[in-house]
Every structure is written in structure tokens, then in C-alpha cells.
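Structure record follows, encoded as C-alpha cells.
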Protein chains: 2
Amino acid sequence: MAVFLSTFANKVDRKGRVSVPASFRSVLERQASSGLILYPSFKHPCIDGCGDERIQEMVDSIDRLDAFSEEAEDLQTILADARQLTIDGDGRVMMPKDLLDYAGISDTIMFVGLGKSFQLWEPDAYAAHRDEKRKRARDRGITLPMAGRGSDK
Amino acid sequence: MAVFLSTFANKVDRKGRVSVPASFRSVLERQASSGLILYPSFKHPCIDGCGDERIQEMVDSIDRLDAFSEEAEDLQTILADARQLTIDGDGRVMMPKDLLDYAGISDTIMFVGLGKSFQLWEPDAYAAHRDEKRKRARDRGITLPMAGRGSDK
DNA sequence: TGGGATATAATGGGATATCATGGGAAAAAC
DNA sequence: GTTTTTCCCATGATATCCCATTATATCCCA
């Protein structure tokens, strides 16, 4: 599997560990990711996550902006707040407390696949967020502008 | 065969497994699909399905949008709700319970070929849906402009 | 063109492997 | 020396693999 797909609800144990969903692990391994990178979302009360590949792309993208622009500075805060977690032999990571607090997570984490990246949510918050997004998508009339096809025009 | 055609009714066994129709499997294999992707339909009480190829295109398309745009977020909900199922040695997949619930499926699934994709329906719901669609097509007088021909202009 | 023989398909069930999770002990940090 | 982290093993649930059975479709040859 090459992309982060689907959602998974896993438990945070008393030591602060969580199992990374097996399918997410296989995506990360394929990226030769030495682990997994998390940072607080600046749009939502959740945690954004990805592998090394994606972070590298983000760094390159930011680098392409004007060096001292406000935009570049804002985006650089993502890098400053990011954490690199190593996955242990059982497929788990230690969740930093401040990130859990930021997302309002207590004992269960929703892993949400978004293709090239993923998010971690508190289950109820995610349910609300998902409903809102789906509703908006439906109201607008969702269309998939597919790459590499005539309809893409 | 290169496209998903015809309809097939297969049983969901007590373990939640279903045989993917052999002709659908051969289409997926031709795509080098390691499996099959399912997600709840936006428009109907049924499950949409396709191969890896199509999802990969979708991910690439979304990736081309601005990383934190609303449009990208709406489209990502599809990825979050999608499931990748692997086809076992006997040509079967494990159906996730929530998808079965969404489509109201209990013990029999209708596989409906739609060319480049397909749908899974509860048999009675599909019969009703099919009648309605056929009736509408007849009332309107259906026409099909074929691609790649003079008439296409 | 029959009509039996041989694939292919769908389905069922038991054995095995994988995954998520919990807890203890060793190692490292403070 | 106490706390925190890392490593290792145990467990239950669930998915996966493997084999058997049946039905249908395809093939082959008289």
C-alpha cells in the first residue's frame, strides 16, 4: 500500500504509548521513514502527521518562498513544533503529552488517512469534523479533478 | 476483460468474507492492483469501489492543490472513509462492518460493474435503484456521445 | 451433437499468523 | 535513587491461509 487511507481508533495506554496502524506502518517503511513526524495542526484541534518524505517536500516548498516573508516564517513554525517519533519493535510510539493536550486526546486516538499525510484526532472531535466536511462537500457538489485525464482540463 | 461489467450476487459468509467476482478480479489484476478500494457513496446508500490505480490518481490530484486549502480537505474525506482490502488466495475480501451497515447489506452483496469502477448494493435496494434509473433514461430519451470518433465533435 | 471428463468458481470450516494491547524488567535519564 | 523510557514477552481478538466441497461452465472426443 502506498498511501495513508481509512481511519483507525487505537488506545493510548497508561505509559502514553499507541499502536500505529499496521497499514500506516507499511507506508512509512516504504518511504524508508526512520519513524513518524507529528506537529500540531494550525487549522484544527488535531495533530498532523507524515513520514520523512513529506517533511522533505514541505521543507523544499517553504524554501522556495521569499526567505524573510511572513508566509515563510509562519510555515517554519510547523517545522519548529514538529516531533520525530521512533516506532518501537511492537509498532508503537510514545505520544508527547503536549500534543495530546493540544488535540484534547485522553485515551483513544483516531488515525485518519489523508493520502500523503494523516491526522490524529480525539474521536468525538473527529466525528464532528467529518460530518461538517462531508456536508460541505455534498453541498458544493464534490468533483474529483483527476490527473492525467481528459476531464482534468 | 478490461472493464467492470455486469452484475453478480455473492454471499457474505459468517466471517464477513465475500468472493469478488472472477471477472472483476481479472480487471484489478490487470491494473496491478494489490487489492480493491471501497468507500461509501456520496449519492446513494451503496458502496463505491475501484482499483488502486484510481485512488493513486485521486491522491496525486489532491496533492496538486494547495496543501491546506478547503478543497483539498473536502476531497481528503473520501480518502479518510476509504478502505483498502486485500484479495486473499481464494479471491475473497473481508467486508468492514460499517460499510455493510451503510449500504444495508446483510448476507448478499450485488457487485455492479460501471466500467472503470463498480458499486456494491443490497440486492433489493439495487433492484429499486435500477428500475428508477432505467425509467428515467427511457423518459428522457438517452443518448451517448462516443469518445474518439467523428461523432464526438 | 451428445455426454462424460476436466477446469473454474463460489463457499464453508479449521488451523495459523498478525495485530492491538497490557504488563514486567532492563536500560537510560534526571 | 527515583523516574522515565525502551525492550521483551503474554494474551485475546481477528484476519489470513489452506484445504475440502459443491455447482456451474468449459472442454474433449467419440
Side-chain angles (χ1 to χ4, degrees), chain A residues 1 4-30 33-38 49 83-101 105-113 118 120-123 126, chain B residues 1 4-30 33-38 47 49 82-101 105-113 118 120-123 126:
Chain A
M1 209 174 313
F4 300 104
L5 272 190
S6 187
T7 64
F8 303 87
N10 286 347
K11 291 265 172 67
V12 184
D13 71 16
R14 74 177 63 171
K15 293 181 183 177
R17 298 175 299 185
V18 217
S19 290
V20 178
S23 71
F24 282 28
R25 283 191 325 249
S26 79
V27 178
L28 292 168
E29 280 160 22
R30 177 173 312 217
S33 256
S34 48
L36 139 182
I37 291 156
L38 299 183
R83 311 292 184 78
Q84 182 155 31
L85 309 185
T86 58
I87 298 177
D88 71 19
D90 297 324
R92 290 183 281 200
V93 292
M94 281 284 299
M95 288 298 297
K97 279 193 198 59
D98 56 329
L99 284 181
L100 290 179
D101 289 345
I105 296 167
S106 56
D107 64 339
T108 303
I109 296 183
M110 294 287 300
F111 286 79
V112 181
F118 56 91
L120 312 190
W121 285 82
E122 191 282 326
Y126 177 65
Chain B
M1 207 177 312
F4 301 106
L5 272 190
S6 186
T7 65
F8 304 87
N10 287 348
K11 291 266 172 69
V12 184
D13 72 15
R14 75 176 64 172
K15 292 182 183 178
R17 297 175 300 187
V18 218
S19 291
V20 177
S23 72
F24 282 28
R25 277 182 342 240
S26 78
V27 178
L28 292 168
E29 280 160 23
R30 178 169 312 218
S33 260
S34 51
L36 127 193
I37 312 267
L38 299 182
I47 302 165
R83 310 295 187 82
Q84 178 162 51
L85 309 184
T86 57
I87 299 178
D88 70 19
D90 298 322
R92 290 182 282 198
V93 292
M94 278 286 301
M95 290 297 298
K97 276 193 203 60
D98 56 330
L99 284 181
L100 291 178
D101 289 346
I105 295 167
S106 56
D107 63 340
T108 304
I109 296 182
M110 293 288 299
F111 286 79
V112 181
F118 56 91
L120 311 190
W121 285 83
E122 192 281 325
Y126 176 64

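Naming: A, B, ... by sequence-line order, numbering from 1 per chain.
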*Classify the nucleic acid contact of B:V93 as base, sugar-phosphate or nothing, counting any heavy atom under 4.0 Å across all strands shown.*
nothing

*Report the base-pairing partner of D:dA30 (Watson-Crick or G-U wobble, both distances below 3.5 angstrom), or none.*
C:dT1

_For atom NZ of B:K15 and atom P of C:dT16, their distance in whole Å_ = 13 Å

*Round to the nearest Å and state the distance from B:E29 atom CD to C:dA9 atom C1'.*
14 Å

*Nearest listed nucleotide, side chain of B:K11, among C:dT11, C:dA20, D:dC17*: C:dT11

*asked:* Looking only at the side chain of B:D90 (C-beta and beyond, no hydrogens), which of the listed nucleotides C:dC19, D:dC19, D:dC17 gets closest?
replied: D:dC19

*Charged N to carboxylate O under 4.0 angstrom, A:K15 versus A:D13?*
no

*How close or far is atom C1' of C:dG13 from atom CG of B:D88, stated in whole angstroms?*
14 Å

*Please name the pair of heavy atoms, one in B:F24 and one in B:L5, separated by the smallest distance, quoted to 0.1 Å.*
CE1-O, 3.4 Å

*So what does B:R92 touch, heavy atoms closer than 4.0 Å: a base, only the sugar-phosphate, or nothing?*
base

*C:dG12 phosphate, OP1 or OP2: any side-chain N/O from B:R17 under 4.0 angstrom?*
no

*Assign B:V12 to base, sugar-phosphate, or nothing according to its heavy-atom contacts below 4.0 angstrom with the strands shown.*
nothing

*Take atom CD of B:Q84 and atom C1' of D:dT16, then tell me their distance rounded to the nearest Å.*
16 Å

*Could you check how far CD1 of A:I87 sits from P of C:dA20, rounded to whole Å?*
11 Å

*Heavy-atom pair of closest approach, residues A:A9 and A:M110*: CB-SD, 3.6 Å

*Please report the closest heavy-atom contact between B:V12 and B:I105, naming both atoms and the distance.*
CG2-CG2, 4.5 Å

*asked:* Between P on C:dA20 and CG on A:D13, what's the gap in Å once rounded to a whole number?
replied: 14 Å

*B:F8 has an atom CZ; how far is it from atom C1' of D:dT24, in whole Å?*
14 Å

*Which heavy atom of A:I109 sits nearest a heavy atom of A:L120, and at what distance?*
CG2-CB, 3.8 Å

*asked:* Does C:dA10 have OP1 or OP2 under 4.0 Å away from a side-chain N or O of B:R25?
replied: yes

*Should A:R14 be listed as having a side-chain N or O under 4.0 Å from OP1 or OP2 of C:dG22?*
no

*Spacing between A:M94 atom CE and C:dG22 atom C1', to the nearest angstrom*: 15 Å

